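The first residue of the sequence shown is numbered 1, and numbering continues consecutively from there. Here the structure is a predicted model, which is why all the values come from computation and not from measurement.
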Amino acid sequence: MNERYGAEPAAHDGRVGSRSDGMLIFNSRAEAVAAYYADAPREPLSPPVSLADLEIAESRVGRRLPKLLRRVYTEVANGGFGPDAGLECLIDGNREPGRMRERPSAVRVYERNCAAGLPTSWFELAYGGCTMHWHVSLTAVDNPVLLHDTDGWDPDLHWDPDDGPHDGLRHATPSLRRWLWTWADGENVWDEALK
């Protein structure tokens with residue numbers, strides 16, 4: 001099914017290319033992407049979570065979420081927007097349109113990750129693709145955002161007893177604020193990670 005949003009991108013200027021499967025590759029800043037998808041249908045964001053639901057989630061995690069993340073979940077939406085696949089939904093019961101099942105909530109992912117051996121101070125924010133996951137540190141100053149690659153450490157596959165989850169750590173953005181601001185400003189959070 002080919003869907004078209006907005007004007008045909010100008011491939012001749014080198015900013016946009018395409019693959020044989022029809023996928024568009026934008027080699028430019030966010031302006032070209034925004035212009036192309038300006039008329040795309042959008043689903044409304046999930047409603048923000050209540051303060052009571054936030055506190056239940058934090059009790060399951062065992063600590064408070066960073067102030068900025070608390071505000072995002074209680075004032076903006078229950079995930080579904082942001083860098084890469086978007087912020088994980090904080091609480092259960094938020095099925096995306098077109099999905100047969102809901103994705104696990106960030107709290108369920110946190111519990112699963114802790115059971116697998118990831119540090120209890122890492123709270124998953126978003127899926128980065130392939131084996132990459134963005135986490136926020138719940139304990140470090142300014143709550144840096146960590147890029148973790150499960151290819152670097154997978155609790156089911158590691159054989160060396162000296163290996164640990166930090167072996168999969170690939171990058172740290174200095175703060176949650178900076179990571180979110182980079183995305184909100186139309187920049188790519190991967191640019192810094194891939195330097």
To the nearest 0.5 Å, atom CD of Glu124 lies from atom CZ of Arg112 at 6.5 Å

Between Leu138 and Val61, is there a side-chain heavy-atom distance shorter than 4.5 Å? yes

To check you understand the geometry: which heavy-atom pair defines the closest contact between Ala140 and Pro144, and what is its length? CB-CD, 3.6 Å

Are Val136 and Leu147 linked, directly or through intermediate hydrophobic residues, by side-chain heavy-atom contacts shorter than 4.5 Å (ILVMFWY only)? yes

Within-4.5 Å side-chain heavy-atom neighbours: Val72 and Phe81: yes

Indicate whether any N or O donor in one side chain lies under 3.5 Å from an N or O acceptor in the other, for Asp84 and Trp134. yes

Considering residues at least two apart in sequence or located in another chain, which fulfil the salt bridge (charged side-chain N to carboxylate O under 4.0 Å, His left out) criterion with Arg60? Glu111

Looking at every heavy atom in both Ala106 and Tyr73, which two are closest together, and how far apart are they? CB-OH, 4.4 Å

Give a yes or no on whether the backbone of Thr120 and the side-chain of Tyr110 come within a donor-acceptor separation of less than 3.5 Å. yes

Are any non-hydrogen side-chain atoms of Pro66 and Arg177 less than 4.5 angstrom apart? no

Step by step, work out the side chain to side chain contact (heavy atoms under 4.5 Å, CB included) result for His135 and Phe123. CA-CA 5 Å; His135 299 262; Phe123 186 81; over 6 Å; no

Do Glu187 and Trp181 touch side chain to side chain, with heavy atoms closer than 4.5 Å? no

Does a side-chain heavy-atom distance below 4.5 Å link Leu125 with Leu69? yes

In terms of hydrophobic clustering (I, L, V, M, F, W, Y; side-chain heavy atoms under 4.5 Å; direct or indirect links), are Leu176 and Leu54 co-clustered? yes

Indicate if Val76 and Leu87 have the same hydrophobic cluster label, given that clusters are the connected sets of ILVMFWY residues with side-chain heavy-atom separations under 4.5 angstrom. yes

Taking Asp149 for the side chain and Met132 for the main chain, is one N or O donor matched with an acceptor at less than 3.5 Å? no

So, for Ser121 and Thr139, which heavy atoms are closest and what is the spacing to 0.1 Å? CB-OG1, 3.5 Å

For Ala126 versus Gly86, what's the shortest heavy-atom pair and its separation? CB-O, 3.4 Å

Side-chain contact test, heavy atoms from C-beta onward, threshold under 4.5 Å: evaluate it for Glu58 versus Leu65 and give yes or no. yes

Run Asn143 and Lys67 through side chain to side chain contact (heavy atoms under 4.5 Å, CB included) and show every step you take. CA-CA 10 Å; Asn143 306 107; Lys67 184 177 180 179; over 6 Å; no

Is it the case that the side chain of Asn78 and the backbone of Pro47 share a donor-acceptor pair, with hydrogens and angles ignored and the cut-off at 3.5 Å? no

Closest approach of Glu192 and Pro174, non-hydrogen atoms and distance? OE2-CD, 3.6 Å

Before giving the answer on side chain to side chain contact (heavy atoms under 4.5 Å, CB included), spell out for Leu194 and His171 the whole-Å C-alpha distance, their side-chain angles and the decisive distance to 0.1 Å. CA-CA 8 Å; Leu194 296 176; His171 169 77; over 6 Å; no

If you count every heavy atom of other residues, nucleotides or ligands that lies below 6.0 Å from Arg71 atom CZ, does the total exceed 12? no

ILVMFWY network linking Leu146 to Tyr127, side-chain heavy atoms under 4.5 angstrom: no

Are the side chains of Leu51 and Arg70 in contact, using a 4.5 Å heavy-atom criterion? yes

Distance, nearest 0.5 Å, that separates OG of Ser50 from CD1 of Ile91: 6.5 Å

Minimum side-chain heavy-atom gap Asp142-Arg178 below 4.5 Å: no

Donor-acceptor check, side chain of Asn188 to backbone of Trp190, threshold 3.5 angstrom: yes or no? yes

Determine, using the 4.5 Å side-chain heavy-atom cutoff (strictly less than), whether Leu180 and Val145 are members of one ILVMFWY cluster. yes

